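Values in this document were obtained by computation on a predicted structure and should not be read as measured data. Residue numbering restarts at 1 for every chain, and letters A, B, ... go by the order of the sequence lines.
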2 protein chains.
Amino acid sequence: MSNNQFKRGELYSVINGMATTAVARRLQKNYRQAGLEITIEQWSVLYHLWKEDGLSQQELGIRTFRDKASITRLIDNLERLSLVTRVASKEDRRINLVYLTDAAKPLQQLTYELANQTMNEALHNITKEEIEIVKNVFQRVYDNLMNKDLI
Amino acid sequence: MSNNQFKRGELYSVINGMATTAVARRLQKNYRQAGLEITIEQWSVLYHLWKEDGLSQQELGIRTFRDKASITRLIDNLERLSLVTRVASKEDRRINLVYLTDAAKPLQQLTYELANQTMNEALHNITKEEIEIVKNVFQRVYDNLMNKDLI
DNA sequence: GACATATAGTTAGTTATGCAACTAATATAA
DNA sequence: TTATATTAGTTGCATAACTAACTATATGTC
C-alpha cells in the first residue's frame, strides 16, 4: 500500500511541476521571440473569446479554470493593452460581457501557429492514443475533485 | 493536419489549467483544513529536503522545476516560518545548503498523509497502467522541450 | 413592497512566478 | 598572477494566483 501511495505522490510532483511548467515556459518564450507582448494567461482568455466572443467574466472563469478575482485582473490587463473591452449586459447589469477589439483580431492566427508549433515540439514522438489517455485521465481527475465539492 | 493540431491545442489548455490546478487547490485546501499553515509550493521544497536534507538552492531548483529566484523567495519564507535554515557551504562559499529545522520534522508525517489522501481522491478509479502512461508522457514532454534548449 | 438570499464582479492582502540586472565567489586562461 | 568567464544566490519589476471581505444588482418569499 505504501508503495502504491508513494508512486501517487510522485505523480503529483510531476503533474504540478514538470511538464506543465515546461510547456508554459516554452510557449511564453515563443511568444516573446515572435514579438508578442502577451502572457500565456492572457492568451488563454483570448483563445476562448476567439472561439466565442462576448462571454461574461463568470463564463471565462469557468472555461479557463480561474476564479473570478483572477479573471477581473486578467481582463484589467487585457483592457489596458486595448485587446478587449467590458460591456455591461443589458439584461442583467451585474454582468460584464467581454468583447475582443479590432486590435486583438490579428493576433489570432499568429498565436495559433505558435501554440501549435509549441505543442508539436512538446508532443514530438507522442502518439494520438497516448494523448487521448492523458486527456481522459485529466478529465477524470478533475471530475473526481469537483464532484467531491458538491457533496 | 489542422484537425490534429487543434486537438493538441486543447491538450495544452488541459495540461495548463484543469487537472493540475484542481489537484493543487485540493491539496492546499486539505492542508488548511488540517491547520497546516504552509503552501503547496513550500511543501514541495520540504518534500525534497525530507528525502535528502542539506541540498543547495540550485539543486532544490532543479528538483522542484523552479528558477533560482523562486527558490530564493521560497527559502526566505520557509526561513521566516523557522522550518529551514541556510548554512553556507565550507567548500564553496557561494553555495547555501538548506537544512530542515526541528520544527519542520513533525510536519513530514501529516503532510505525507494529506498528500496521499489528496492523490487518492484525485486518482480514484484511475488504473496504475494509466498513471504510468501519464508519467511517461510527461517525462517525454519535458525531455522534448529541455533537449531543445541544449541545441 | 420589504427583507433575505444569491449572483457578478471588484478590491485588499499575501504568496508565487519569470526575467533581467546585480554581487560575490570560484574557475579558467593568458 | 592578473584578467576573464562562470556559477550561486539576491533583488527589482511586472504578472498572476487564492482567500476573504466588499458593492451592486437580481431573485424569491412572505
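- With hydrogens and angles left out, the side-chain atoms of E113(A) and Q117(A) include no donor and acceptor closer than 3.5 Å.
- Within the 4.0 Å cut-off from OP1 or OP2 of dA8(D), not a single side-chain nitrogen or oxygen of S56(B) is found.
- Rounded to a whole Å, the CD atom of E79(B) is 13 Å from the C1' atom of dG9(D).
- The shortest distance between side-chain heavy atoms of L100(B) and T85(B) does not fall below 4.5 Å.
- Atom CZ of R66(B) is separated from atom C1' of dT15(C) by 12 Å (rounded to the nearest Å).
- Phosphate proximity of dA8(D) to Q57(B): absent, as no side-chain N or O sits under 4.0 Å from OP1 or OP2.
- Picking from dT10(C), dG9(D), dT15(C) the nucleotide with the shortest atom distance to the side chain of R86(A) gives dT10(C).
- Taking side-chain N and O atoms only, Q42(A) has a distance below 4.0 Å to OP1 or OP2 of dA16(D).
- When the nearest nucleotides of DNA chain C are assigned to Q28(A) and I71(A) by heavy-atom distance, the more 5′-ward of the two goes with I71(A).
- Rounded to whole Å, atom P of dA17(D) lies 19 Å from atom CG of L27(B).
- Side-chain polar atoms of S70(B) and D67(B) form a donor-acceptor pair below 3.5 angstrom.
- In this structure, L81(A) atom CG and dA14(D) atom C1' are separated by 12 Å, rounded to whole Å.
- In the set dA16(D), dT26(C), dC18(D), the nucleotide with an atom closest to the side chain of D67(A) is dC18(D).
- Taking the charged nitrogens against the carboxylate oxygens, R140(A) and D143(A) have no contact shorter than 4.0 Å, which rules out a salt bridge.
- With respect to the salt-bridge test (charged N to carboxylate O, under 4.0 angstrom), the residues D76(A) and R73(A) do not qualify.
- Rounded to an integer number of Å, the gap from CG of L74(B) to P of dA17(D) is 17 Å.
- Side-chain atoms of R73(A) come within donor-acceptor range of the base of dA12(C), with a qualifying N/O pair under 3.5 Å.
- Salt bridge E59(A)/R63(A): present, at least one basic N to carboxylate O contact under 4.0 Å.
- Counting to the nearest Å, the P atom of dT23(D) and the CD1 atom of I95(A) are 21 Å from each other.
- Nucleic acid contact class of D76(B) (heavy atoms, under 4.0 Å, all strands): none.
- Looking at the side chain of K68(B), the nearest of the listed nucleotides dA8(D), dG9(C), dA16(C) is dA8(D).
- Comparing D92(B) and K90(A) along DNA chain D, the residue whose closest nucleotide (by nearest heavy atom) sits nearer the 5' end is D92(B).
- Atom OH of Y31(B) and atom P of dT15(C) are 18 Å apart (whole Å).
- Atom CZ of R94(B) and atom P of dA25(C) are 10 Å apart (whole Å).
- Scanning atom types as modelled, no donor and acceptor separated by under 3.5 angstrom connect the side chain of R93(A) and the base of dT25(D).
- Among the atoms of the strands shown, only primed sugar atoms or phosphate atoms (P, OP1, OP2) are found under 4.0 Å from some heavy atom of T39(A).
- Between dT10(C) and N96(A), a contact under 4.0 Å exists linking OP1 or OP2 to a side-chain N or O.
- Contact annotation: S70(B) reaches the phosphate of dG18(C) (side-chain N/O to OP1 or OP2, under 4.0 Å).
- Across dA24(D), dA20(D), dT17(C), the shortest atom-to-atom separation from the side chain of A69(A) is found for dA20(D).
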